[in-house]
Amino acid sequence: YAAFLSKTKNSKSVHEIGLQRSLFFFSLKGYTRDTSFLAMVVDIVQELKQQNSNLVYVCDPVMGDKWNGEGSMYVPKDLLPVYRDKVVPVADIITPNQFEAELLTGRKIYTEKDALEVMDMLHAMGPETVVITSSDLQAPLGNDYLIALGSHRKTKADGTRITQRIRVESPKVDAVFVGTGDLFAAMLLAWTHKHPNNLKVACEKTVSAMQHVLQRTIKSAKVQAGEGNKPNSAQLELRMVQSKKDIENPEIIVKATVL
């Protein structure tokens, strides 16, 4: 691209874009490598929530992932305690992958039961909605499917808690994309706003839209690469503009199971 609008996010850049002087109803944070930026995000979210108690803060705690069953962090390790002790407690929705959920709780996930207990631990830290966006758990539909798990916990006026839990199995796509985590978190924010009391529908629309975008992307990339050639990263850039209608009103092609 000919131009970039910003560099790596840090605390100075937050002030430069005038974030604190703006009026927000939603806040979404993704990748950063800077602890001072994270600390400032917490301060800003707390300040914005004082101005607007209905503000929804979505945190994608981007720290690492698993490859061939082994987890690895791709950000400095000193970000973990900041996420765990400061960022997650002020978040309303968090979207970790399995490895990040394990890091935040110090608990390994080997079974679906483990995952549900880990989500309960994450609820106890603060967020009402927890979605483990991907995992290496065995999918009931088979090895060609990827499992995501979600949990929404609401406390009623009388103090009782209502918890919705769901499992989503989506077809695996044999390609490496950039930006899928950002897209997932942004769409989950949108659809949970549209369906605040129905995590099942919100996740079905989010994951179905993801599938539409990914399938369109891989189809287009293969055409660009030519027959017999593997698409490169540039050719696999997400076809966001071309998928506008699917993002706005996705046909439900992935169903969630209520647990």
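Owing to the predicted nature of the structure, the values given are computational and were not obtained by experimental measurement.
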Taking ILVMFWY side chains as joined if any heavy atoms are under 4.5 angstrom apart, and letting links pass through other members, which residues group with Val201?
none
Quick check: do [X] and [Y] have side-chain heavy atoms less than 4.5 Å from each other?
X	Y	answer
Val254	Cys203	no
Lys86	Leu38	no
Val176	Ser233	no
Leu183	Phe177	no
Thr206	Val168	no
Lys205	Lys194	no
Ile109	Ser135	no
Leu188	Thr95	yes

Not counting sequence neighbours, list each pair that qualifies as a salt bridge (charged side-chain N to carboxylate O under 4.0 Å, His left out) and has a residue in residues 110-127.
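Salt bridge (charged side-chain N to carboxylate O under 4.0 Å, His left out) check on residues 110-127 returns Arg107-Asp114, Arg107-Glu117, Glu112-Arg167, Lys113-Glu117, Asp120-Arg153, Asp120-Arg165.
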For residues 125-141, pull every pair meeting salt bridge (charged side-chain N to carboxylate O under 4.0 Å, His left out), keeping only residues two or more places apart or in separate chains.
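Sorted result for residues 125-141: Lys66-Asp136, Glu128-Lys154.
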[X]-[Y] co-clustered via ILVMFWY side chain contacts under 4.5 Å:
X	Y	result
Leu80	Met121	no
Leu146	Val173	no
Val223	Met240	no
Met187	Ile252	no
Leu199	Val258	yes

Partner residues of Ser243 under the side chain to side chain donor-acceptor pair (under 3.5 Å) criterion, sequence neighbours left out
Arg216
What residues form a side chain to side chain donor-acceptor pair (under 3.5 Å) with Ser151, not counting sequence neighbours?
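So Ser151 forms a side chain to side chain donor-acceptor pair (under 3.5 Å) with His123.
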Could you tell me which residues satisfy salt bridge (Lys or Arg N to Asp or Glu O under 4.0 Å) with [X], sequence neighbours excluded, listed by chain and number?
X	value
Asp85	none
Glu227	none
Arg84	none

For [X], all residues meeting side-chain contact (heavy atoms from CB on, under 4.5 Å), sequence neighbours excluded:
X	result
Lys222	Ile218, Pro231
Thr155	Arg161
Asp78	Thr35, Pro76
Leu141	Tyr145, Glu169

Could you report the tightest heavy-atom contact between [X] and [Y], atom names first, then the distance?
X	Y	result
Met210	Thr180	CE-O, 3.7 Å
Ala209	Ile247	CB-CA, 4.4 Å
Tyr83	Pro89	O-CD, 4.1 Å
Asp65	Tyr74	N-CE2, 4.0 Å
Trp191	Pro250	CZ2-CD, 3.5 Å
Gln211	Ser170	NE2-CB, 3.8 Å

Would you confirm whether [X], through its side chain, and [Y], through its main-chain N or O, come within 3.5 Å as a donor-acceptor pair?
X	Y	result
Thr192	Leu189	yes
Thr105	Val118	no
Asp92	Tyr57	yes
Glu248	Lys245	no
Ser208	Ile253	yes

Roughly how far, to the nearest 0.5 Å, is the [atom2] atom of [Y] from the [atom1] atom of [X]?
X	Y	atom1	atom2	result
Asn97	Met63	CG	CE	8.0 Å
Gln164	Asn198	CD	CG	6.0 Å
Leu116	Met119	CG	CE	4.5 Å
Ile94	Glu100	CD1	CD	10.0 Å
Leu238	Thr217	CG	OG1	5.0 Å
Lys244	Asn249	NZ	CG	11.0 Å

Test item: side-chain donor near acceptor, Gln98 and Glu102, under 3.5 Å:
yes
Distance-only polar pair, side chains of Asn143 and Gln138, donor-acceptor under 3.5 Å
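Yes, because at least one side-chain N or O of Asn143 sits under 3.5 Å from a partner of the opposite role on Gln138.
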Go through the steps to decide whether Leu149 and Leu137 satisfy the test side-chain contact (heavy atoms from CB on, under 4.5 Å), and finish with yes or no.
CA-CA 10 Å; Leu149 295 161; Leu137 297 175; 4.0 Å; yes
Stepwise, does the side-chain contact (heavy atoms from CB on, under 4.5 Å) test hold for Gln46 with Asp43?
CA-CA 5 Å; Gln46 290 174 329; Asp43 292 339; 4.1 Å; yes
Assess whether atom NZ of Lys172 is packed by more than 12 heavy atoms of other residues, nucleotides or ligands within 6.0 Å.
yes
